[in-house]
Amino acid sequence: MGLQNAKHAKVKQANILMLGLDSAGKSTLLYKFKSNDAFLTTPTIGFNVDMIETERDFTLTFWDVGGQQKMRELWCNFLENTGGLLYVVDSSDQRRLEESKREFELLLKNEFLKNVPVVVLANKQDLPGAFNAEDITRRFNMHKYCSDRNWYVQPCCALTGEGLSDALHRLTTFAKHYHRSKETSMLFKKIETL
Ligand code: G3D
Ligand code: MG
């Protein structure tokens with residue numbers, strides 16, 4: 001028991017905030033990260049939380065927050081202590097792509113998300129007419145708006161699971177790097193106060 005506790009004390013953890021418009025596929029994705037079963041989602045009222053150990057010493061805690069207009073007003077309450085932003089886009093929803101981009105830009109301007117790494121999931125690649133990762137990169141102005149952080153646009157399909165292991169791997173690498181750089185800067189701050 002003592003040994004097990006000591007082992008767990010070493011496990012590092014990062015909060016991953018999953019955001020995006022309603023119906024982008026966030027809850028389906030979260031479920032698919034955990035299991036391969038088919039899953040029926042209902043619109044998320046509030047939020048879902050789940051922990052996934054993506055590497056032996058690193059756990060990601062996913063916060064899947066509802067994306068309806070009313071819920072978006074509450075997103076700002078979830079931003080503090082975020083170790084990575086997973087922004088989910090319905091790549092087939094041409095009508096709401098601009099709206100999704102606007103919400104994304106607003107998020108990136110928030111002080112709590114400064115330098116926080118971003119993975120954009122270009123979801124629903126199985127649907128006809130879906131924008132691909134290059135289209136989303138260009139339309140979301142990724143090079144301009146994410147120049148201060150690590151970022152990646154991953155095409156995926158939450159229903160089949162395609163692209164999800166790459167997304168998790170990328171997210172873990174980014175979150176670990178961000179975690180380490182935060183630890184280092186806190187250490188320097190402590191040293192300065194000595
Ligand atoms: P949200 O949590 O972002 O609001 P959900 O979105 O996970 O509830 O998904 C909304 C709808 O999109 C669901 O369909 C879900 O099955 C579907 N969906 C999610 N990912 C994909 C995908 O990659 N491809 C396709 N074709 N559909 C997807 P329903 O019909 O239940 O509304
Ligand atoms: Mg949901």
Side-chain angles (χ1 to χ4, degrees), residues 14-52 54 60-79 82-108 110 113 116-140 142 146 151-172 174-175:
N15 289 320
I16 303 298
L17 190 56
M18 294 181 83
L19 295 176
L21 301 189
D22 50 299
S23 201
K26 300 176 293 297
S27 302
T28 311
L29 281 158
L30 184 57
Y31 196 79
K32 198 74 180 175
F33 284 152
K34 294 280 282 188
S35 118
N36 276 323
D37 296 344
F39 179 59
L40 269 183
T41 56
T42 50
T44 308
I45 310 296
F47 59 91
N48 305 309
V49 187
D50 225 325
M51 289 175 83
I52 301 172
T54 50
L60 299 181
T61 304
F62 287 86
W63 295 77
D64 159 27
V65 184
Q68 302 93 331
Q69 189 77 51
K70 276 267 161 250
M71 274 306 292
R72 281 182 234 160
E73 290 162 21
L74 303 179
W75 281 1
C76 55
N77 297 299
F78 290 86
L79 305 184
T82 296
L85 173 65
L86 187 59
Y87 193 80
V88 185
V89 180
D90 177 345
S91 317
S92 73
D93 188 355
Q94 308 208 354
R95 193 177 54 86
R96 293 205 302 164
L97 201 74
E98 194 54 36
E99 188 182 347
S100 177
K101 178 198 158 185
R102 269 201 310 275
E103 295 292 351
F104 181 65
E105 280 177 19
L106 268 179
L107 281 168
L108 295 185
N110 192 290
L113 293 187
V116 166
V118 171
V119 172
V120 172
L121 286 182
N123 192 32
K124 305 199 186 184
Q125 288 296 314
D126 58 308
L127 292 180
F131 287 117
N132 64 25
E134 288 72 34
D135 297 329
I136 301 283
T137 302
R138 196 163 24 83
R139 284 169 182 268
F140 274 55
M142 295 299 292
C146 291
W151 64 269
Y152 193 72
V153 179
Q154 173 70 49
C156 72
C157 172
L159 292 187
T160 62
E162 213 175 326
L164 300 197
S165 65
D166 287 344
L168 277 186
H169 180 68
R170 185 79 59 171
L171 206 49
T172 306
F174 284 174

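Nothing here was measured: the structure is a model prediction, and the numbers come from that model. Order of listing sets the numbers, starting from 1, for every ligand and every atom in it.
In this structure, Phe47 and Trp63 have tilted ring planes: the angle between them lies in the 30° to 60° band.
The nearest non-hydrogen atom to atom 28 (C) of ligand 1, considering only Met71, Gln125, Lys124, Lys32, comes from Lys124. Considering only non-hydrogen atoms, atom 9 (O) of ligand 1 lies nearest to Thr28 out of Asp22, Asn48, Thr28, Leu21.
Put simply, CE on Met71 and CG on Leu19 are 9.0 Å apart, with the number rounded to the nearest 0.5 Å.
Ion pairing of Glu99 with Arg72 is present here, as a side-chain N (NZ or NE/NH1/NH2) and a carboxylate O approach within less than 4.0 Å. A salt bridge is defined here as a Lys NZ or Arg NE, NH1 or NH2 lying under 4.0 Å from an Asp or Glu carboxylate O, and Asp50 with Lys34 meets this definition. A salt bridge does not link Asp22 with Lys70: every distance from a Lys NZ or Arg NE/NH1/NH2 to an Asp or Glu carboxylate oxygen is 4.0 Å or more. Ion pairing of Glu105 with Lys101 is present here, as a side-chain N (NZ or NE/NH1/NH2) and a carboxylate O approach within less than 4.0 Å.
Partners of Phe62 under the ring-ring contact (aromatic ring centres under 6.0 Å, His included) rule, at least two apart in sequence or in another chain, are Phe33. Contacts of Phe140 classified as ring-ring contact (aromatic ring centres under 6.0 Å, His included), with partners at least two apart in sequence or in another chain: Phe104.
At least one N, O or S atom of Ser27 sits under 2.8 Å from the Mg ion (ligand 2).
Near Gly25, with a cut-off below 4.0 Å to any heavy atom, the atoms of ligand 1 are 1 (P), 3 (O), 5 (P), 6 (O), 7 (O), 9 (O), 19 (C). The atoms of ligand 1 that sit less than 4.0 Å from any heavy atom of Asp126 are 22 (C), 23 (O), 24 (N), 25 (C), 26 (N). Near Ser27, with a cut-off below 4.0 Å to any heavy atom, the atoms of ligand 1 are 2 (O), 7 (O).
At under 3.5 Å, not a single nitrogen or oxygen of Leu29, backbone or side chain, sits near a nitrogen or oxygen of ligand 1.
The shortest heavy-atom distance from Leu127 to ligand 1 is under 4.0 Å. Ligand 1 has no atom lying under 4.0 Å from any heavy atom of Gly20. Contact analysis puts Cys157 in contact with ligand 1, with a non-hydrogen atom separation below 4.0 angstrom.
No part of Thr160 comes within 4.0 Å of ligand 1, judged by heavy-atom distances. At a heavy-atom distance under 4.0 Å, atoms from both the backbone and the side chain of Leu159 approach ligand 1. By the criterion of a heavy-atom distance under 4.0 Å, the side chain of Asn123, and not its backbone, is placed next to ligand 1.
Counting only N and O atoms by type, the side chains of Ser27 and Asp64 include a donor and acceptor under 3.5 Å apart.
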